[in-house]
Number of protein chains: 2
Amino acid sequence: MLSMTGFAMNAPLRRSLLNGHSSNPLVRKLEGLAPLSEADRSILDQLAAGARLADPHVDLIREGSAPDAAFLVLKGIACRYKHRQDGKRQILSYLLPGDLCDPDIAHLSRIDHALGTLSACSVARIPREALLFAVERHPNVAQAFRRAKIVEEAVTREWLVNLGCRSAIERIAHLFCELLLRLQAVGFAENDSFEFPVTQVELGDTTGLSNVHVNRTLQELRRQGLIATGQRRLIILDLPRLRALAEFQAGYLQPAVGTDLCTAH
Amino acid sequence: MLSMTGFAMNAPLRRSLLNGHSSNPLVRKLEGLAPLSEADRSILDQLAAGARLADPHVDLIREGSAPDAAFLVLKGIACRYKHRQDGKRQILSYLLPGDLCDPDIAHLSRIDHALGTLSACSVARIPREALLFAVERHPNVAQAFRRAKIVEEAVTREWLVNLGCRSAIERIAHLFCELLLRLQAVGFAENDSFEFPVTQVELGDTTGLSNVHVNRTLQELRRQGLIATGQRRLIILDLPRLRALAEFQAGYLQPAVGTDLCTAH
DNA sequence: ATGAGGGTTTAACATAAGTTATTTCGGATT
DNA sequence: AATCCGAAATAACTTATGTTAAACCCTCAT
């Protein structure tokens with residue numbers, strides 16, 4: 001089913017047709033984190049092959065299970081989340097195209113959080129062994145994955161700050177800035193707008209706010225001329241002011257890749 | 001200065017005098033995550049050697065710097081934190097004895113958060129190369145570090161839930177449950193009490209609450225007979241009820257180590 | 001076209017938590 | 001013992017955000 005050579009030969013052609021960019025968001029993302037050879041890209045294309053469509057609001061990994069595969073998001077938005085007994089839930093992170101949820105965690109104990117879709121998604125299930133194989137054979141890919149992990153951790157830290165000490169409007173503004181940059185990095189944003197089919201309830205689960213207050217806050221952002229919403233899109237009208245409002249520092253999303261180093265562990 | 005053989009020969013003797021437990025909290029912690037040989041323990045003792053005392057409320061790593069060494073806490077409590085421009089700060093995690101702040105992050109870009117002491121601490125500075133050496137030569141140690149990292153990530157997720165959807169009293173109760181278990185794991189708690197020289201302001205920076213509200217909340221916990229404080233100690237009087245209040249699930253701190261697996265990446 | 005259902009908006013009200021300022025306490029230092 | 005200082009406690013008041021419930025509005029499927 002997967003012809004390595006076929007992929008390897010077609011990839012450059014496909015990319016050249018697309019302005020030098022791969023259509024595989026995983027490639028797009030990792031390219032930004034480490035130099036990739038043609039063979040590296042080819043293996044990533046294989047990992048992304050065989051994607052399936054998933055409905056919105058559906059679980060891909062249930063809390064307490066022990067999955068033996070990673071999930072790679074190719075289209076749409078998924079999230080990690082945890083439920084509390086009283087029904088509240090906290091979204092822990094967004095998985096955008098090119099992001100993957102690796103199953104390492106589950107190999108210590110059962111996984112402590114769920115993975116679910118927010119919007120309709122295209123998702124590839126990557127067996128653990130396939131991922132290991134790719135990483136072992138392709139040091140640059142391994143390097144890029146490690147760097148992706150480091151960025152992910154930085155994002156999580158920023159979310160802690162968001163929840164711990166920003167006001168409602170700052171939280172949402174910060175989230176939108178982050179999403180714009182991350183989506184731009186994988187080619188899923190035009191100018192300063194992107195598809196954003198996330199409900200206000202889900203935004204509340206993300207930012208620790210009630211849906212009613214999310215609504216109020218979105219209105220305020222619109223009133224200030226910072227954003228516009230509609231047709232499941234988010235349009236950022238004034239990025240500089242939005243960033244200022246959120247005290248958004250982009251650095252954590254864009255590691256200086258030229259920096260050599262980071263060859264270890 | 002560091003005699004490997006000397007260490008290797010004395011370690012078991014020392015441990016036998018101490019009821020089978022090493023006095024090195026790093027060993028204590030990693031023992032719980034992977035089987036360690038005598039040589040493994042010896043190298044960990046070397047890493048922990050040369051510790052220095054650090055005053056309370058002092059920075060070990062400044063935000064924006066690029067440290068080339070890890071810091072290992074042997075005694076006391078340190079934390080990672082971030083500052084906002086308006087002076088607010090968010091504590092991102094606690095570093096208890098046996099925990100270390102590795103410098104990987106800084107090798108992509110400058111580090112995006114600071115490392116500082118809360119209490120007076122004993123801290124060992126571990127040069128990057130020494131850490132790499134230990135990990136390369138000692139696969140079990142590497143394994144244990146990987147597992148420690150996974151637990152650390154689980155703790156962070158729990159903190160996100162704490163900030164995102166728990167009430168003040170639940171946040172603090174949950175934090176106390178977590179700290180008790182983590183400190184017990186490294187032998188820094190007797191029964192259900194431990195040294196806890198953290199101010200109410202710092203507790204507020206941890207839980208996203210004002211110091212005044214932290215004070216109110218601590219009083220409520222005392223009034224309910226759940227905790228007692230004094231002489232820089234925290235005494236948990238009724239752990240079952242405290243856990244119930246916080247909906248505390250200990251699983252994420254205690255990975256099932258018998259599970260083989262997790263050999264990769 | 002018509003309805004059904006999920007998502008959004010609005011409104012009125014409740015409350016947990018923040019703010020500011022003052023006082024008290026307890027452990028160091030002289 | 002007297003003083004000092006940071007931390008803890010108290011008090012009075014403000015406010016951001018939560019809650020509940022109803023109305024509205026798309027979008028999709030029949």
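Here is how names work: the chains are called A, B, and so on, in the same order as the sequence lines, proteins then strands, and each is numbered from 1.
Contacts between residues 164-178 of chain A and DNA chain C, defined by a heavy-atom separation below 4.0 Å, involve no residue at all. Against DNA chain D, the stretch residues 77-95 of chain B makes no heavy-atom approach under 4.0 Å. Residues from residues 217-229 of chain B that place a heavy atom under 4.0 Å from any atom of DNA chain D, listed by number: Q219(B), R222(B). Within residues 192-201 of chain B, the residues that place at least one heavy atom under 4.0 Å from DNA chain D are, in residue-number order, T199(B), Q200(B).
The backbone N or O of R166(B) lies less than 3.5 Å from a partner atom in the side chain of R171(B), making a donor-acceptor pair. Judged by distance alone, the side chain of Q90(B) and the main-chain N or O of D205(B) form a donor-acceptor pair under 3.5 Å. In this structure, E178(A) contributes its side chain and A173(A) its backbone to no donor-acceptor pair below 3.5 Å. At least one donor-acceptor pair under 3.5 Å links the side chain of T117(A) to the backbone N or O of D55(A). Judged by distance alone, with hydrogens and angles left aside, the side-chain atoms of Q184(B) form a donor-acceptor pair with the main-chain N or O of N191(B) at under 3.5 Å. Of the possible polar contacts, none joining the S119(A) side chain to the G76(A) backbone as a donor-acceptor pair under 3.5 Å is found.
Residues satisfying the side chain to side chain donor-acceptor pair (under 3.5 Å) criterion with K82(B), sequence neighbours excluded, are E158(A). Applying the side chain to side chain donor-acceptor pair (under 3.5 Å) test to E63(A) and every residue at least two apart in sequence or in another chain returns nothing. With sequence neighbours excluded, no residue satisfies salt bridge (charged side-chain N to carboxylate O under 4.0 Å, His left out) with D192(B). For H113(B), the side chain to side chain donor-acceptor pair (under 3.5 Å) partners are R157(A), R80(B), not counting sequence neighbours.
The number of heavy atoms from other shown groups lying within 6.0 Å of CG (D86(B)) is above 12. In R52(A), the CZ atom is not crowded: 12 or fewer heavy atoms of neighbouring residues, nucleotides or ligands sit closer than 6.0 Å.
Results of the side-chain hydrogen bond (donor to acceptor under 3.5 Å, both in side chains) test with Q200(A) over N215(A), T217(A), T229(A) single out N215(A) as the only residue that passes.
One finds a salt bridge joining E220(A) and R223(A) here, because a Lys/Arg side-chain nitrogen approaches an Asp/Glu carboxylate oxygen to under 4.0 Å. With salt bridges taken as basic N to acidic carboxylate O contacts below 4.0 Å, one links E170(B) and R84(A). Between D102(A) and K149(A), no side-chain nitrogen of the basic residue sits less than 4.0 Å from a carboxylate oxygen of the acidic one, so the salt-bridge criterion is not met. We find that E195(B) and K75(B) are not joined by a salt bridge, their nearest charged nitrogen and carboxylate oxygen being 4.0 Å or further apart.
With rounding to whole Å, N215(A) atom CG is found 14 Å from dT19(D) atom C1'.
The bend of the helix from dA1(C)-dT30(D) to dT30(C)-dA1(D), defined by the angle between the axes of its first five and last five pairs, stands at 40° to the nearest 10°.
Bracketed by its first and final contacts, the part of DNA chain C lying under 4.0 Å from non-hydrogen atoms of chain A reaches from dG7(C) to dA12(C) in 5' to 3' order.
Between Y94(B) and W159(B), the angle of the ring planes goes over 60°, which puts this pair in the perpendicular group of the 30/60° scheme. Taking the six-membered ring for Trp and thresholds of 30 and 60 degrees, F196(A) and F176(A) have ring planes more than 60 degrees apart, a perpendicular arrangement.
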Give the B/S/- string for nucleotides 20-30 of chain D, one per nucleotide from 5' to 3', where a protein heavy atom under 4.0 Å of the base yields B, of only the sugar-phosphate yields S, and otherwise -.
B----------

Side-chain donor-acceptor contacts of residues 207-214 of chain A below 3.5 Å, not counting sequence neighbours, with atom names and distances?
residue, atom, partner, partner atom, Å
T207(A), OG1, L203(A), O, 2.7
S210(A), OG, H213(A), N, 3.2
H213(A), ND1, R216(A), NE, 3.0
H213(A), ND1, R216(A), NH2, 3.3

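As judged by a 4.0 angstrom heavy-atom cut-off over every strand, G230(A) is placed among residues making no nucleic acid contact.
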